[in-house]
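Values reported hereafter were calculated over all heavy atoms of this structure, with side chains retained and with hydrogens, waters and symmetry mates removed. Every chain is numbered from 1, with letters handed out A, B, ... down the list of sequences.
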Amino acid sequence: MPELPEVETLCRQLRQVVFASKISGIQVLDNKIGEVRGLEGREILAVKRHGKVLELELTGNRLILLHFRMTGRLLWHIGDGLYSHVRFVISLSKGRILLIDPRRFATLSVHKKRRPSFLGTDPFEDFNPLYFWEFSQRSHLPIKSLLMDQRRIAGIGNIYACEILHQAHISPWRMACDLSLAEWENIVDVTISILSKAILCHGTTISDWRDLFNRKGMYQNHLAVYAREGERCLECGGEIQRRKLNGRGTYFCPACQN
DNA sequence: CCCTATGTTCCCAA
DNA sequence: CTTGGGAACATAGG
């Protein structure tokens, strides 16, 4: 479920609680997660994010990479509360980080040294309109598919792709190669704007998403098209429609997205 | 029972 | 080679 703003929210909240913490224990509670060894006693040096991947940098050049897929989440646990679907636990002196994941699609891996580079550019690190305009000249994909291609741009999922294209007044089905440089500049601006606002809102809670402290996000109150099929477009009054694109429910306003 | 789901990967067909 | 559809993963909720 978590896209870039949700992972960034966890990232910032983790920094508040794990500063200079030493890992006192690791528990693997799901056999889908492989064996994890040699982390006890290491210190968490930094918490980072690239796209939808959360990275915990540890002493000894160890790197924990977490991808939450559909229903994965993290919970900072200090009380006696019991939670179901706990798959992995990192115990620190001040509390525990629980990985909770009902559908068990989330992945966790431990690396030595650097993060493998299977992901595209993160919108907050480098989202260059000229580069993407030039690249997309040779692309035969609808723009929404390109925005969601993690090997090109890392972090945008179905909700924010719908929202970005609506605010940019571009149809999700427009071929990427047909977009002008000006339209790419607009997409970049709108992407940064929407993702920034969603981060400030601590993400979008449609159903499952909760932050590190079990609180709902707020960006669902700002959605312009996602989950609003049949409702009025706030921009032009048109009727929001939902159609499938690459198997994903795609919300858009046919009147103001071309 | 039916359908849907904020993600990714794989196989297969066009 | 590229792209898209569908299934798979596993579970909850409407």
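- Considering only side-chain N and O atoms, A:R69 lies nowhere under 4.0 angstrom from the phosphate OP1 or OP2 of C:dA10.
- Residue contacts for A:P5: at a heavy-atom cut-off of 4.0 Å it reaches no nucleic acid atom on any strand shown.
- A distance cut-off of 5.5 Å between ring centres, combined with a plane angle under 30°, places A:F105 in a stacking arrangement with the base of C:dC9.
- Along DNA chain C, the nucleotide nearest A:S139 and the nucleotide nearest A:K32 are compared for position; the residue whose nucleotide lies closer to the 5' end is A:S139.
- Separating the P atom of C:dG5 from that of B:dT4 is a span of 15 Å, rounded to the nearest Å.
- Pair assignment for C:dA7 gives B:dT9, based on Watson-Crick or G-U wobble hydrogen-bonding distances that are each under 3.5 Å.
- Using a 4.0 Å heavy-atom criterion, one finds that A:S207 contacts the bases of the nucleic acid, with or without backbone contacts as well.
- In this structure, A:Y226 reaches the sugar-phosphate backbone alone: every heavy-atom distance under 4.0 Å involves primed, P, OP1 or OP2 atoms, never a base.
- Atom NE2 in A:H67 sits about 8 Å away from atom P in B:dG7, given to the nearest Å.
- For A:P142, the listed nucleotide lying nearest its side chain is C:dG4; candidates were B:dT8, C:dA10, C:dG4.
- Contact between A:R69 and A:P2 at its shortest, heavy atoms only, is O-CD, 3.5 Å.
- Lacking a ring centre under 5.5 Å from that of the base six-membered ring together with a plane angle below 30°, A:F68 does not count as stacked on B:dG7.
- With C:dT11, C:dG4, B:dG7 as the candidates, the nucleotide lying closest to the side chain of A:N246 is C:dG4.
- Whole-Å rounding puts the A:L99 CG to C:dA10 P distance at 16 Å.
- Computed from coordinates, the A:L141 CG to C:dC1 P distance equals 16 Å when rounded to whole Å.
- A:E6 places a side-chain N or O within donor-acceptor distance of the main-chain N or O of A:T204, the cut-off being under 3.5 Å.
- The CH2 atom of A:W173 sits 12 Å away from the P atom of C:dG4 (whole-angstrom rounding).
- Going from atom CE of A:M218 over to atom P of B:dT6 covers 22 Å, rounded to whole Å.
- When heavy atoms are screened at a 4.0 angstrom cut-off, A:R242 is found touching the sugar-phosphate backbone but no base atom.
- Taking atom P on both nucleotides, B:dC2 is separated from C:dA7 by 14 Å, rounded to a whole Å.
- Atom NZ of A:K52 and atom P of B:dG7 are 4 Å apart (whole Å).
- Salt bridge status for A:R215 with A:D211: present, with a side-chain N to carboxylate O gap under 4.0 Å.
- The gap from the P atom of B:dT6 to that of C:dT3 amounts to 23 Å, rounded to the nearest Å.
- The residue among A:H140 and A:D208 whose nearest nucleotide of DNA chain C lies closer to the 5′ end is A:H140.
- Nucleotide B:dT6 holds its P atom 16 Å from the CG atom of A:L147, rounded to whole Å.
- Rounded to a whole Å, the CZ atom of A:R151 is 8 Å from the P atom of B:dT9.
- Exactly one residue among A:I159, A:I240, A:L234 makes a side-chain contact (heavy atoms from CB on, under 4.5 Å) with A:V225. That residue is A:I240.
- When distances run from any side-chain atom of A:N158 to the nucleotides C:dA12, C:dG4, B:dG7, the shortest one goes to B:dG7.
- Using modelled atom types and a 3.5 Å distance limit, the side chains of A:T71 and A:D101 yield a donor-acceptor pair.
- For B:dA5, the base has a donor-acceptor partner in the side chain of A:R103 [N/O atoms by modelled type, under 3.5 angstrom].
- The shortest side-chain heavy-atom distance between A:E229 and A:Y251 falls under the 4.5 Å cut-off.
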